[in-house]
Amino acid sequence: MSTLVIVGAQWGDEAKGKLVDVLGGQSQMVVRYAGGNNAGHTVIAEGKEYKFHLIPAGILHPGTIAVLGSGMVVCPKGLLEELDRTLEQKSELGTLLISSAAHIVFPYHRMLDALEEEARGQNKIGTTSRGIGPAYQDKVARIGIRAGELVDEARFPIRLKEVLDVKNRLLEMFGKEPIAFEPLLAEYQAYAARLKPFVKDIEPIVQEAVYSGKKVLFEGAQGTFLDLDSGTYPYVTSSHPVAGGACLGTGVGPRDIHSVLGVCKSYTTRVGSGPFPTELTDEVGDHIRTIGKEFGTTTGRGRRIGWLDLVALKHSCRLNSLSGLVVTRLDILSGFKKIQVCVGYELDGARIEYLPGDVDTLSRVKPIYREFDGWEGDLRSARAESDLPQETLDYLKFMAEYTGVPVAIVSVGPDRAETIVLQENLIWG
Ligand code: IMP
């Protein structure tokens, strides 16, 4: 057996998609375990740029089975558009499967997402407006409509009527027009007709792949500190991006996970509201945003930028029991004379080296930095460890020492080829 979880070790957008694409070629199955089309993965392969929001990036490898797991919330319209767009770019893709237990996103979820954000006023979360939170609210309230029900011709109209009545009452409370049943039913029946062949009970399929010795990759979305329980609540997403989410969202047990790679940038970014101790609101942050094209794949919003926060990263390493780190975007830091790394926080005059769980406390900490020499030159041509500048190697060494987790892979550019494996043995456990 050989299973690997790829998890975002910071606040999302760590370039997991690229890694899933690179390692997807070695896997027989890639299973995404959480989130919906709030995620955005850009993959550059063979000179083409692919954008994924729902489909695991592993679909680009024809022999691979790409699974949308039970922990996901799926917008059928978005999924079909993504599938058609990808097919236009590449005729031969892997096989797509959708868990019958994945929840379906409806227009009322998107409307309520916007209305709830508006109602939060100053305290808005800065969601992606994709209806993700409201769809997971329905799941927890046990009224959500799952993919298996969507494709059940007899059950779907009954379930939709039931739920839409409740949602229309809510929309009316917000002063909005109710959604008409018949057109919504017809729209979703058309999606169901196309999606039906892909919808399966995926847990036994994934378990069989794992127990028959196939290489199975579990793809996370968002990042550790956007996790509903372990993140900076309430400025989080409504699912479980942490590695444990792979068990919850796919039907694989904890002892069947062999390796966990945590993807982190060589600096830090975050989208939306919430505390961010190492945030750079000056020209350094602006410079990194511009050079790194740090704008959301899903929303186009400029990402907030900060120095690498090792206090947070060490916590993430433990939350996810990481086997190895994958450090991305080292090329973007090129050209800085000095680079800062957060190695502690000052809280009310005392030094702490842990991440406070409460957002009000976290927003009061001040980062304590250690300064490193920067590096020069275009790192994108580096193909081996020996091609990397000594300063970059020192930086990576310190990351590994501080967190206690070795660096397995580094990424020096967006292309598949711009990847350097430092410790192959950490990848599949
Ligand atoms: P939601 O997931 O749309 O409900 O948004 C909740 C929070 O998670 C917001 O701060 C979003 O900006 C953030 N978020 C959601 N998905 C992503 C992602 O893929 N990358 C980075 N941030 C995300």
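In listed order, ligands and their atoms are each counted from 1.
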Distance to 0.1 Å, residue and atom name: give those for the protein heavy atom nearest to [atom].
atom: atom 10 (O) of ligand 1; value: Val271 O, 3.1 Å
atom: atom 21 (C) of ligand 1; value: Asp13 OD2, 3.1 Å
atom: atom 17 (C) of ligand 1; value: Gln222 CG, 3.5 Å
atom: atom 22 (N) of ligand 1; value: Leu226 CD1, 3.4 Å
atom: atom 6 (C) of ligand 1; value: Val236 O, 3.3 Å
atom: atom 5 (O) of ligand 1; value: Thr127 CA, 3.4 Å
atom: atom 11 (C) of ligand 1; value: Gly126 O, 3.5 Å
atom: atom 2 (O) of ligand 1; value: Thr237 OG1, 2.6 Å

Practice task
Mark the output for Arg130 as yes if a heavy-atom distance to ligand 1 is under 4.0 Å, and as no if none is.
Solution key: no

Completion exercise
ring-ring contact (aromatic ring centres under 6.0 Å, His included) filter on Phe106, not counting sequence neighbours, yields Tyr108, Tyr188

Handout entry: Results of ring-ring contact (aromatic ring centres under 6.0 Å, His included) for Tyr345 - residues two or more places apart only
Key = none

Exercise for the section: Take His287 and Phe336, measure what ring pair (Phe, Tyr, Trp, His ring centres under 6.0 Å) needs, and give me the verdict at the end. Expected result: CA-CA 10 Å; His287 175 74; Phe336 281 97; 5.6 Å; yes

State whether [X] and [Y] are salt-bridged, where the test is any N-O pair (Lys NZ or Arg NE/NH1/NH2 against Asp/Glu carboxylate O) under 4.0 Å.
X: Glu219; Y: Arg32; answer: no
X: Arg85; Y: Glu81; answer: no
X: Asp348; Y: Lys366; answer: no

Judging by distance only, is a nitrogen or oxygen of [X] under 3.5 angstrom from one on ligand 1?
X: Asp113; value: no
X: Gly12; value: no
X: Ser273; value: no

Exercise for the section: Considering the heavy atoms of Trp11, write down every atom of ligand 1 situated less than 4.0 Å from one of them. Expected result: 21 (C), 22 (N)

Problem - Proximal ligand 1 atoms for Ile125, defined as those under 4.0 Å from one of its heavy atoms - result: 6 (C), 10 (O)

Fill in the blank from the handout: Any heavy atom of Tyr235 under 4.0 Å from ligand 1? The part involved is neither

Exercise for the section: Would you check if there is a donor-acceptor pair between the side chains of Lys90 and Thr86 at a distance under 3.5 Å? Expected result: no

Handout entry: Test item: side-chain donor near acceptor, Asp201 and Ser100, under 3.5 Å
Key = yes

Practice task
Run down the list Arg304, Lys124, Arg301 and name the one with the heavy atom closest to atom 12 (O) of ligand 1.
Solution key: Arg301

Problem - Parallel, tilted or perpendicular: rings of Trp11 and Phe276 (30°, 60°) - result: tilted

Handout entry: Arg329 to Tyr267, cation-pi by 6.0 Å centre distance and 45° axis angle
Key = no

